[in-house]
There are 2 protein chains.
Amino acid sequence: MAETRHKPGPRRTLTEAEIVDAALALLDTGGPQAASIRRIAAAVTVAPNAVYTYFPDKAAVERALVERVLAEVTGSEPGGDWRERAVTLAVDLRRQLIAHPGVVALMLSGPLDGPHALRLGEHLLELLAAGGLDPASAARAAYLLKVYVLGAVALEVADVPPGMLPSEAERIAARRVALSEVPAQTFPRTAAASGMMAASVGAEQFRWGLRRVLDGLRAEAKLDGLQAEAKLD
Amino acid sequence: MAETRHKPGPRRTLTEAEIVDAALALLDTGGPQAASIRRIAAAVTVAPNAVYTYFPDKAAVERALVERVLAEVTGSEPGGDWRERAVTLAVDLRRQLIAHPGVVALMLSGPLDGPHALRLGEHLLELLAAGGLDPASAARAAYLLKVYVLGAVALEVADVPPGMLPSEAERIAARRVALSEVPAQTFPRTAAASGMMAASVGAEQFRWGLRRVLDGLRAEAKLDGLQAEAKLD
DNA sequence: ACCTGAACACCGTTCAAGT
DNA sequence: ACCTGAACACCGTTCAAGT
C-alpha cells in the first residue's frame with residue numbers, strides 16, 4: 001500500500017490482469033456504472049488514459065472481463081454419462097456467472113468468440129460427441145444448451161440491483177416480494193404462481209429446467225441414432 | 001414539419017408515446033448510444049430536461065420502451081393443441097424482439113414486471129393450464145419457456161452491430177464469416193460445427209430448440225398427469 | 001514504451017426562472 | 001403544469017508532452 005506518486009515515464013508495474021481484476025471488483029461491488037475507465041484507473045492508481053496503453057478501448061476491457069470469468073470454469077472430466085457431464089458443466093458455468101452478475105450483460109452484448117468461450121464451446125461439443133451424438137446434432141444441442149444456461153442466468157440476474165451480491169436465499173426472498181405485488185384480479189395465474197416460483201428460483205429451478213432441455217434432446221438423439229442405423233443398413 | 005420555435009410555457013403537444021416512439025426509432029437505427037435522453041429530446045424538438053416532465057429518469061423511459069415493444073405481441077387464440085399455441089406465442093415474441101434488438105438488452109437489465117410483460121406471462125400460464133398442466137407445472141414450464149425465448153433472442157441479437165437491422169440472411173452470413181475464423185487446429189469441433197450452425201441460425205433454429213424444450217416438458221406433463229390421476233383414485 | 005495533464009465532445013440530472 | 005437556459009458531476013477518448 002505504498003502511496004508512491006509517479007512521474008510520467010515507463011514503469012510497467014501495471015499488468016492487463018491487474019486492470020481486469022480491478023475492473024471486476026468494481027463491477028461486482030458497484031455495478032456497471034462503477035466499472036468506468038476512470039474509476040478502474042483510479043483503482044490501480046493511474047491516470048485515466050493510462051488504461052489505453054493496455055487496452056485499445058473500453059470494449060476490449062469488457063471482453064477481457066468476460067474471458068477472465070470464463071477462465072475459471074473448468075468443465076467436466078471425461079467418462080460417464082454425457083447428460084451428467086453436461087449438467088456439471090452448466091451448473092459450474094452458472095455458479096461462476098451468478099457470482100459476477102455484471103458480466104452476464106457483457107456476455108450478451110457482443111459475440112462470444114474469446115479463447116475461453118471457444119474452449120468451453122469445444123468442450124461441450126466434445127462431450128456431446130463422446131455421448132454418441134453425430135456432429136450436426138451435437139452442434140444444435142450445444143447451441144440449445146448455451147441458450148438455456150445464458151437465458152436462465154440472465155433472467156436470474158436481471159432482478160439483482162447493481163452492486164448487490166445477495167445470497168440465493170435473499171434473491172429468492174426478493175423475488176417473492178416482487179411477485180406478491182402482482183395484482184391478483186387482473187393476473188390471477190401469475191399471482192398464484194408467485195408462491196410456487198419463488199421457492200424454486202435459483203439452483204434448483206436451474207437444474208430442473210436443464211433436465212427438461214436434456215430430456216428434449218434425448219428424444220432427438222435417439223431419433224438421430226435410429227436414422228444413422230438405418231443408413232448403415 | 002413546421003419549424004416552430006417555442007418559448008417556455010405549457011404546450012402539452014408532447015406525449016409519453018411520442019417520446020417513446022422517438023426513443024425506439026433512435027435505438028433501432030443508432031443502437032443504445034443513440035438513445036440518449038439528449039438525442040431523444042432533440043428528436044422531438046425539445047430541451048433535454050423537458051423529458052423529465054414525462055418520465056422521472058432514463059430507466060423509466062427504458063421500461064416504457066420494453067412495454068412499447070411487448071404491447072405489439074398479440075399471443076395465440078384459444079383452442080387447439082397447447083404446444084402449437086406456445087409455439088405461436090414464442091415465435092411472435094421472437095419476431096418482435098428481433099425487430100428491435102436494442103430492446104432485448106433493456107429487457108434483461110431489470111425485472112420484467114410491466115403490464116404487458118405480466119399480460120404475456122398470464123397468457124402463457126393460461127395456455128398451459130388449458131393444456132391440462134397443473135398450476136405448479138405450468139409455473140415452472142412458463143419460466144422455462146421464458147428462459148428459452150429470451151436466451152435465444154439475446155444470443156441471436158448479440159452479434160448484431162448496434163444500429164444495424166440486417167435481414168436474417170445477412171445475419172446468417174455474418175455469423176458464418178465469424179465462425180469460419182475459428183482456428184480449426186485448436187477448436188476442431190467448433191470449426192466443423194460452424195458450417196452446420198450457420199445454416200440453421202435464425203427462425204428455423206429457434207423453432208427447433210423450442211420443439212426440444214416442449215418435448216422435455218411433455219414428459220414432465222405426462223408424469224404430473226399420472227400423479228394427479230393417482231391422487232384422484 | 002509508458003505515463004501525465006489538459007482538453008474535447010459527450011452524458012444524465014438538477015435548479016432557478018419564465019409562461 | 002410545462003418548458004427553457006445554465007450548470008454540475010460525470011463519461012470515453014485523444015493529443016501533446018515528459019521520461
Side-chain angles (χ1 to χ4, degrees), chain A residues 2-20 22-24 26-27 29-66 102 105-106 109-110 161-163, chain B residues 2-20 22-24 26-27 29-66 102 105-106 109-110 161-163:
Chain A
E3 178 68 18
T4 42
R5 278 279 124 234
H6 292 287
K7 294 182 182 180
R11 275 202 300 137
R12 202 62 193 186
T13 52
L14 227 53
T15 327
E16 279 89 347
E18 284 183 72
I19 295 173
V20 174
L24 185 59
L26 285 166
L27 186 61
T29 59
Q33 72 159 266
S36 70
I37 292 286
R38 294 179 108 102
R39 294 214 210 176
I40 295 166
V44 294
T45 49
V46 118
N49 47 3
V51 174
Y52 291 88
T53 311
Y54 300 86
F55 296 95
D57 50 25
K58 197 192 182 184
V61 179
E62 292 173 347
R63 282 192 297 270
L65 230 23
V66 171
L106 300 181
S109 71
Chain B
E3 177 69 19
T4 42
R5 276 281 124 235
H6 292 286
K7 293 182 181 179
R11 274 199 301 137
R12 201 62 193 185
T13 52
L14 228 52
T15 327
E16 279 88 347
E18 284 183 73
I19 295 172
V20 174
L24 185 59
L26 286 166
L27 186 61
T29 60
Q33 71 159 270
S36 70
I37 293 286
R38 294 179 109 101
R39 293 215 212 177
I40 294 166
V44 293
T45 50
V46 119
N49 47 2
V51 175
Y52 291 87
T53 310
Y54 299 86
F55 297 95
D57 51 26
K58 197 192 183 185
V61 179
E62 293 174 346
R63 283 192 296 269
L65 229 24
V66 170
L106 300 181
S109 70

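Naming: A, B, ... by sequence-line order, numbering from 1 per chain. Scope of the values below: all heavy atoms of this structure, side chains included, with no hydrogens, waters or symmetry mates.
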For E16(A), give me all partners under salt bridge (Lys or Arg N to Asp or Glu O under 4.0 Å), at least two apart in sequence or on another chain. R12(A)
Separation of dG12(D) P from Q33(B) CD (nearest whole Å): 13 Å
Quick check: do L27(B) and L106(B) have side-chain heavy atoms less than 4.5 Å from each other? yes
I19(B) CD1 to dC3(D) C1', straight-line distance once rounded to whole Å: 12 Å
Checking dT4(D), dT13(C), dC11(D) against the side chain of I37(B) (C-beta onward), the nearest is dT13(C)
The nucleotide from dT4(D), dT4(C), dT14(D) with an atom nearest the side chain of A50(A) is dT4(C)
Please tell me if the side chains of V20(A) and F55(A) come closer than 4.5 Å, counting only heavy atoms from C-beta onward. yes
I want to verify a distance call: between dC2(C), dC11(C), dC2(D), whose nearest atom is closest to the Y54(A) side chain? dC2(C)
Against the side chain of Y52(B), the closest entry in dC11(C), dC2(D), dT13(C) is dT13(C)
Is the backbone of A42(B) close enough, under 3.5 Å, to the side chain of T45(B) for a donor and an acceptor to pair up by distance? no
Starting from P on dT13(C), measure out to CD1 on I40(B) and report it in whole angstrom. 11 Å
Roughly how far, to the nearest 0.5 Å, is CG of L14(A) from CD1 of I19(A)? 4.5 Å
Only stems of 3 or more consecutive Watson-Crick or G-U pairs count here, both distances under 3.5 Å; name the ones for DNA chain C, or none. C:4-8 with D:12-16, C:12-16 with D:4-8
Which listed nucleotide (dG12(D), dT13(C), dT4(C)) is nearest to the side chain of P48(B)? dT13(C)
First encountered from the 5' end of DNA chain C, between A47(A) and R38(A): A47(A)
Results of side chain to side chain donor-acceptor pair (under 3.5 Å) for Q33(B) - residues two or more places apart only: none
With a 4.0 Å cutoff (strictly under), does any side-chain N or O of R39(A) reach OP1 or OP2 of dC11(D)? yes
Please report the distance, rounded to the nearest Å, between CG in L14(B) and C1' in dA1(D). 13 Å
Any base atoms under 4.0 Å from F55(B), or only sugar-phosphate, or nothing? Heavy atoms, all strands. nothing
Does T15(B) reach the main-chain N or O of E18(B) with its side chain, forming a donor-acceptor pair under 3.5 Å? no
From the candidates dC2(C), dC2(D), dC11(D), the one with an atom nearest any side-chain atom of T53(B) is dC2(D)
